[in-house]
Number of protein chains: 2
Amino acid sequence: MNRDDLLLKQIQPLLDYFDQLIPLNIDEKLLVTELFKPRLYRKRQYVLQEGDICNQFNFIVRGCLRMYKVDDKGDIHIIQFAAENWWLSNIGSFHDRKPSDLNIDALEDTMVLQISHENLLSLYTKAPKFDRIFRVLIEKSFVSLQQRLLQNISSTAEERYLTFQQTYTELSTRLPQTQIASFLGITPEFLSRLRNKQVKRKS
Amino acid sequence: MNRDDLLLKQIQPLLDYFDQLIPLNIDEKLLVTELFKPRLYRKRQYVLQEGDICNQFNFIVRGCLRMYKVDDKGDIHIIQFAAENWWLSNIGSFHDRKPSDLNIDALEDTMVLQISHENLLSLYTKAPKFDRIFRVLIEKSFVSLQQRLLQNISSTAEERYLTFQQTYTELSTRLPQTQIASFLGITPEFLSRLRNKQVKRKS
DNA sequence: ATCTACATCAATACTATTTCTTGATATAGT
DNA sequence: ACTATATCAAGAAATAGTATTGATGTAGAT
């Protein structure tokens, strides 16, 4: 397999993703292949560190990232997980070119396809279809964020955990409970007790 | 503690380091505080990746970095370790602004203070004393590099290991043997046998 | 005032990952 | 042939990460 084939194989999941939203023509596919770069992050590695400007828009090919805020007490609050075929970046920092107050790091070894701010602008210019694609994609993220907020203001931890299990079935078994707890906004101990209750109820 | 105090506390080890070489006046200290940025790298995280231009000069506050070359076979050869109060960067790449053929990554969670190429030039211009400081500091690195080379062309693996133990007593217990082996240019297995021999000889 | 939904702390248990050791066998240079 | 070293594979040991449990505490709702 030569260099081009390898690159194509790495980019394929992203092309598939776009194609499913809105079919691409060959020129658009070529553009994507040019402008997105594959990159491997290893477990625990930072993708974005507080204080830096978020310069990449990330599409996850495999693995899992988390975006979180560290509060004054030093506690971590996970805003979002992103696994296969999800997008993640600090959109605020990315668009306004201002230092990020959030961190992104890898919960597993993670392969992403990333496009820089500059290249994304150039993509929009050269192929306006991507304006639409990225609008759709951000709307999707927006909706799931809204649901999460709603959940948070209206439900107990137990209900939130249940919803999490239903919405992200795979993640709920794949990720360490500590991470899920931090996502739900409870302590790992309490989550452990909730799960215990679940198990007992079933038997 | 407010933001400025925090920053000052983080920068202090570097100010102390400079002060010990050549005392700084208040303006110079202020410059250092402005131009060096603290940054945390996590274990295994890249500080510099082959192909990128080395844009930072790093002072290690705590933790440990390694700089290494990956050869055609994919084997790793460690050129330098750098722990507390040492400097590390790919000077060739840094000065000539050309892609690095070496990698730097973190063996432990590591806090560095780093100055960008641009800011270092500006530091030299604004406070020429730093020309002297950085000359001295590079001379020190140069000397230890020379000694290492001499060792390598003139000694057996066993002798090299002994010298390593004497020169970097702490590192020789702190770092995994795999890393030390790669630094000495032998296999971890062989290092294990050398150590075994040492232990037996003592008893 | 007490009940519910959570938190905190500490100890322990469990699991996975990393690191080290050992034996067997091979090779290149003196 | 001997010495210094490598390679490969298996297993042991050490460390780090994750989960569970008990005891105790607290704020807000009823």
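Computation of the quantities below employed the complete heavy-atom set of this structure, encompassing side-chain atoms and omitting hydrogens, waters and symmetry-equivalent molecules.
Atom OH in B/Tyr161 sits roughly 15 Å away from atom P in D/dT5 (whole-Å rounding). If you measure from atom CD of A/Glu108 to atom C1' of D/dG17, you get 15 Å, rounded to the nearest angstrom. Rounded to an integer number of Å, the gap from A/Leu194 CG to D/dA19 P is 14 Å. Here the P atom of nucleotide D/dT7 and the CG atom of B/Asp75 are 7 Å apart, to the nearest Å. A/Glu158 has its CD atom 12 Å from the C1' atom of C/dT4, to the nearest Å.
Taking side-chain N and O atoms only, A/Lys197 has no distance below 4.0 Å to OP1 or OP2 of C/dT4. The phosphate of C/dT21 has neither OP1 nor OP2 within less than 4.0 Å of any side-chain N or O from B/Asn196. Distances shown here put a side-chain N or O of A/Thr178 below 4.0 Å from the OP1 or OP2 atom of D/dA19.
Under the 3.5 Å distance criterion, with hydrogens and angles disregarded, a donor-acceptor pair is assigned to the side chains of A/Asn55 and A/Arg97.
For B/Lys140, the NZ atom sits in a loose shell: 12 or fewer heavy atoms of surrounding residues, nucleotides or ligands are nearer than 6.0 Å.
Each of A/Arg44, A/Arg174, A/Arg66 was evaluated against A/Glu108; a single residue qualifies, A/Arg174, per the salt bridge (Lys or Arg N to Asp or Glu O under 4.0 Å) test.
A/Arg160 comes within contact range of the sugar-phosphate backbone alone, with a heavy-atom separation under 4.0 Å but no base atom that close.
Cation-pi geometry between A/Arg42 and B/Tyr46 is satisfied (NZ or CZ under 6.0 Å from the ring centre, within 45° of the ring normal).
A donor-acceptor contact under 3.5 Å is formed by the side chain of A/Arg193 with the base of C/dT8. The base of C/dT17 is not paired with the side chain of B/Arg44 by any donor and acceptor separated by under 3.5 Å.
A ring-centre distance under 6.0 Å is found for A/Phe183 and A/Phe81. Between A/Phe36 and A/Phe59, the ring centre distance reaches or exceeds 6.0 Å.
Residues from residues 180-191 of chain A placing a heavy atom under 4.0 Å of any atom in DNA chain D, listed by number, are A/Glu189.
Residue pairs meeting the salt bridge (Lys or Arg N to Asp or Glu O under 4.0 Å) criterion with at least one partner in residues 13-35 of chain B, sequence neighbours excluded, are B/Asp19-B/Lys29, B/Glu28-B/Lys129.
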